Student: 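Got a structure here, written out as structure tokens. Questions coming.
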Amino acid sequence: MTEQNKKPVNPSKTGQMKPAARPAKPAAAKKPERPVKPAAPKRIEKPEKTRETEETVKPRKMSGFTKGLLIWLVVLIVVICAGLIWFNGFTSRYEELYQASLPYHQADKILELLTARDLEAVWNLMENKPKVTEFENDAYVKKYVEDLVKGKELTYKQSENFTENDPEYYICTDKYIIARLKLAEDETQHPKYGFKAWKIGVLEFYTAADNNLKISVPDTFKLSVNGKEVPSNYKVQEGIEAEENKYLNPYASLPNRSVYEIKGLYEKPVIKVTDAEGNEAKTVRDKTTGEYKVVYGAELSDKEEVEKFAIKFTTDFANFISQDAASNALDKYFPKNSKTLKDIKRNSSREWYTKHGKVDIKNEQIKEFTVYSKDIVYVEAYVEQHMEMFWGSKEREVVKTTARLYLCRIDGAWKVAGIKY
């Protein structure tokens, strides 16, 4: 019986009788299947071309708008690239011109010239050149500048007055500022983009012309500095009487002196002084005052005769004092009515001199010889008296005598005008 719509079915009503169902046989066990070799891939045949397929593969034509858009994009890219290239070139040119317009290049130029020792070019760039006296020229200043930078490392820096419109630099050595460089706008040039061109405005070296000369010269002498005779307008004092005259009067006198002063020399001056006969006189510098003074010469045509005269006088003078010469032994050396001779006789205590025996004169010397003129000289003579003493040491006593004599030629003969004690 089966159920249909959950109701029992009556087989008699159907008119058919179904045989009773046989019991099912148990299923036989399946044999294992043999492995199947995979089939070779089938060749795919290209479809036959048809009009329909040809229309499908063929690309469609580009519209005018698309073409215009592409052309516009290409042109735009080309314009942008060209613009970038131009802008890059412009910025390069702009930067180059800007750098070239910076004022420090002028300072570099000065340093290059100084380093190369091209002082002539530096000198030509200096509009306000240092002033020199009539005894020097530009060569003295150039040498001063050369010595100023020689062997030194040069640099520059902006001064405290530096502005963009008025650039100013200091030229420096290791420790010192040696020059000032002020620039001015070069209006003859017109750089692009409104940049300025610069030129040397003021190049001023801090030169110190601090060599001065002050010298006392006899009025009969000629003074030359650096080969140029010094005119009278450089006299700062005149009519100075010679100190030596107090020993020479009344028999002779030396000319008055004048003091010359020259300031602002770059180099130590070369001084030349000549007397009335053209003989060159020496000069010496006083270490305390810095003033120069003429030192008279020592050459004389009859110098040997004068030296002998001075030694003989000094010997007789020593013997006169020790009573080894007569009381009139000195008279022949002095002019008549000589005040100096009278003073010697009046002030020498000959009678109180120690008693002694034989006297020998030794070691005669001329220690100084100054020629003021052919008729006036100064001589410093030295002698030693070796005396036998009556008591005391058996060795001889040595008495040293120095005579500082001003001698004058009077009536053709040398005489003692005065003695400097």
Side-chain angles (χ1 to χ4, degrees), residues 242-254 295-421:
E243 182 182 351
E244 296 86 347
N245 283 344
K246 64 183 179 182
Y247 303 106
L248 295 170
N249 290 333
Y251 310 105
S253 63
L254 296 178
V295 177
Y296 290 88
E299 297 303 319
L300 191 67
S301 58
D302 53 349
K303 181 178 181 179
E304 186 177 352
E305 177 187 344
V306 176
E307 288 179 338
K308 288 180 179 179
F309 176 88
I311 291 293
K312 187 67 172 66
F313 170 82
T314 306
T315 298
D316 287 348
F317 177 81
N319 288 336
F320 173 81
I321 298 299
S322 64
Q323 295 193 68
D324 293 295
S327 58
N328 63 347
L330 302 180
D331 293 5
K332 59 184 178 181
Y333 296 102
F334 290 89
K336 290 182 179 180
N337 300 318
S338 170
K339 182 177 181 299
T340 303
L341 177 60
K342 292 178 181 178
D343 290 340
I344 292 172
K345 290 184 175 182
R346 183 171 57 250
N347 296 321
S348 59
S349 301
R350 302 175 69 227
E351 65 273 15
W352 303 108
Y353 202 89
T354 304
K355 299 297 182 179
H356 54 275
K358 184 180 178 182
V359 174
D360 293 324
I361 299 296
K362 296 183 179 181
N363 197 21
E364 302 99 329
Q365 297 180 35
I366 297 295
K367 292 190 173 183
E368 190 174 336
F369 195 96
T370 302
V371 178
Y372 295 104
S373 71
K374 62 184 180 63
D375 296 322
I376 304 173
V377 297
Y378 169 80
V379 185
E380 185 175 315
Y382 172 85
V383 298
E384 294 177 355
Q385 290 175 298
H386 291 246
M387 296 181 179
E388 288 183 345
M389 307 307 294
F390 286 155
W391 56 81
S393 175
K394 293 183 179 180
E395 292 186 5
R396 288 192 166 197
E397 183 174 340
V398 178
V399 179
K400 302 175 182 179
T401 301
T402 299
R404 300 175 179 86
L405 310 173
Y406 286 91
L407 307 180
C408 296
R409 197 192 306 267
I410 301 175
D411 296 331
W414 287 102
K415 298 294 181 180
V416 177
I419 300 176
K420 182 179 180 180
Y421 294 101

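Bear in mind that the values here come from a model prediction, so they are computed numbers and not experimental data.
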Student: Is S338 reaching over with its side chain to a backbone N or O of P335, donor-acceptor style, under 3.5 angstrom?
Tutor: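 Checked: no pair found.
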Student: Using the side chain to side chain contact (heavy atoms under 4.5 Å, CB included) rule, take T354 and M389 through it: C-alpha gap first, then chi angles, then the decisive distance, then the call.
Tutor: CA-CA 9 Å; T354 304; M389 307 307 294; 3.8 Å; yes
Student: Is there a side-chain contact between Y406 and K420 (heavy atoms, below 4.5 Å)?
Tutor: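 Side chain of Y406 against side chain of K420, heavy atoms only: contact under 4.5 Å found.
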Student: Give me the atom names and distance for the closest heavy-atom approach of Y251 to K336.
Tutor: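 So the two residues come closest at OH-O, 4.0 Å.
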Student: Answer yes or no on whether K355 is positioned over the face of F390, meaning its NZ or CZ is under 6.0 Å from the six-membered ring centre and within 45° of the axis.
Tutor: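 K355 over F390 ring: no.
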Student: Determine whether F369 and Y378 make a side-chain contact, defined as any pair of heavy atoms from C-beta on separated by less than 4.5 Å.
Tutor: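 Sidechains of Y378 and F369: no contact.
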Student: Distance-only, no hydrogens or angles: does the R404 side chain make a donor-acceptor pair with backbone N or O of V379 under 3.5 Å?
Tutor: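 No; judged by distance alone, with no hydrogens or angles, the pair does not exist.
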Student: Show the nearest heavy-atom pair for residues A252 and C408, with the distance to one decimal.
Tutor: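 Smallest interatomic distance, heavy atoms only, reads CB-SG, 3.6 Å.
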Student: Less than 4.5 Å apart, any side-chain heavy atom of S322 and any of H356?
Tutor: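 S322 vs H356: side chains touch.
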Student: Could you check if a side-chain atom of D343 sits within less than 4.5 angstrom of a side-chain atom of I419, using non-hydrogen atoms only?
Tutor: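 Side chain of D343 against side chain of I419, heavy atoms only: no contact under 4.5 Å found.
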Student: Is there a donor-acceptor pair under 3.5 Å between the side chain of S348 and the backbone N or O of I344?
Tutor: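 Yes; judged by distance alone, with no hydrogens or angles, the pair exists.
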Student: Run the salt-bridge test on R409 and D302 with the 4.0 Å N-O cut-off and return the result as yes or no.
Tutor: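 A salt bridge is present here (some side-chain N lies under 4.0 Å from a carboxylate O).
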Student: How far apart are the closest heavy atoms of W414 and L300, and which atoms are they?
Tutor: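 The answer is CZ2-CD2, 4.0 Å.
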Student: Let's go through T314 and Y382 carefully: what are the C-alpha distance in whole Å and the side-chain angles of both, what is the deciding distance for side chain to side chain contact (heavy atoms under 4.5 Å, CB included) to 0.1 Å, and is it a yes or a no?
Tutor: CA-CA 7 Å; T314 306; Y382 172 85; over 6 Å; no
Student: For the pair K312 and E364, evaluate side chain to side chain contact (heavy atoms under 4.5 Å, CB included) and give the outcome as yes or no after the intermediate values.
Tutor: CA-CA 9 Å; K312 187 67 172 66; E364 302 99 329; over 6 Å; no
Student: Who are the ring pair (Phe, Tyr, Trp, His ring centres under 6.0 Å) partners of Y333, not counting sequence neighbours?
Tutor: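 Y333 satisfies ring pair (Phe, Tyr, Trp, His ring centres under 6.0 Å) with F309, F313 once adjacent residues are dropped.
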Student: Below 4.5 Å, heavy atoms only, C-beta onward: do V371 and Y296 meet side chain to side chain?
Tutor: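 In short, these two side chains do not touch, never coming nearer than 4.5 Å.
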Student: Is there a side chain to side chain contact (heavy atoms under 4.5 Å, CB included) between T401 and I321 once you walk through the steps?
Tutor: CA-CA 10 Å; T401 301; I321 298 299; over 6 Å; no
Student: I would like to know whether E388 and R396 meet salt bridge (Lys or Arg N to Asp or Glu O under 4.0 Å); could you show each step before the answer?
Tutor: CA-CA 5 Å; E388 288 183 345; R396 288 192 166 197; 3.4 Å; yes
Student: Can you see whether D375 engages S373 through a side-chain donor-acceptor pair at a distance of less than 3.5 angstrom?
Tutor: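 No - no donor-acceptor pair under 3.5 Å links their side chains.
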Student: Could you tell me whether the side chain of K339 and the main chain of G418 form a donor-acceptor pair under 3.5 Å?
Tutor: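 Such a contact is absent between K339 side chain and G418 backbone.
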Student: Between L254 and I376, is any pair of side-chain heavy atoms under 4.5 Å apart?
Tutor: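 Answer yes - side chains close enough.
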Student: For the residue pair A417 and T340, what are the closest heavy atoms and their distance?
Tutor: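 Of all heavy-atom pairs spanning A417 and T340, the closest is O-OG1, 3.7 Å.
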Student: Can you confirm whether L330 sits close enough to F317 that some side-chain heavy atom of one is under 4.5 Å from a side-chain heavy atom of the other?
Tutor: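 Result yes, sub-4.5 Å side-chain heavy-atom pair found.
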Student: Do the side chain of K303 and the main chain of A298 share a donor and acceptor less than 3.5 angstrom apart?
Tutor: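 Yes.
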Student: Test N363 against every option in E384, Q385, K400 by the side chain to side chain donor-acceptor pair (under 3.5 Å) rule and name the one that passes.
Tutor: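 It is E384, the one option of E384, Q385, K400 that forms the side chain to side chain donor-acceptor pair (under 3.5 Å) with N363.
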Student: Show your working on salt bridge (Lys or Arg N to Asp or Glu O under 4.0 Å) between D331 and K345 and close with a plain yes or no.
Tutor: CA-CA 10 Å; D331 293 5; K345 290 184 175 182; 2.8 Å; yes
Student: Could you grab the distance from atom CE of M387 to atom CG of D324, nearest 0.5 Å is fine?
Tutor: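 Reported to 0.5 Å precision, the distance equals 5.5 Å.
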Student: Check D316 against A329 and note the closest heavy-atom contact, atom names and distance.
Tutor: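 Looking at all heavy atoms of both residues, the shortest contact is OD2-O, 4.4 Å.
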Student: Are side-chain heavy atoms of K362 and V383 found at a separation under 4.5 Å?
Tutor: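 Heavy-atom side-chain distance check fails, nothing below 4.5 Å.
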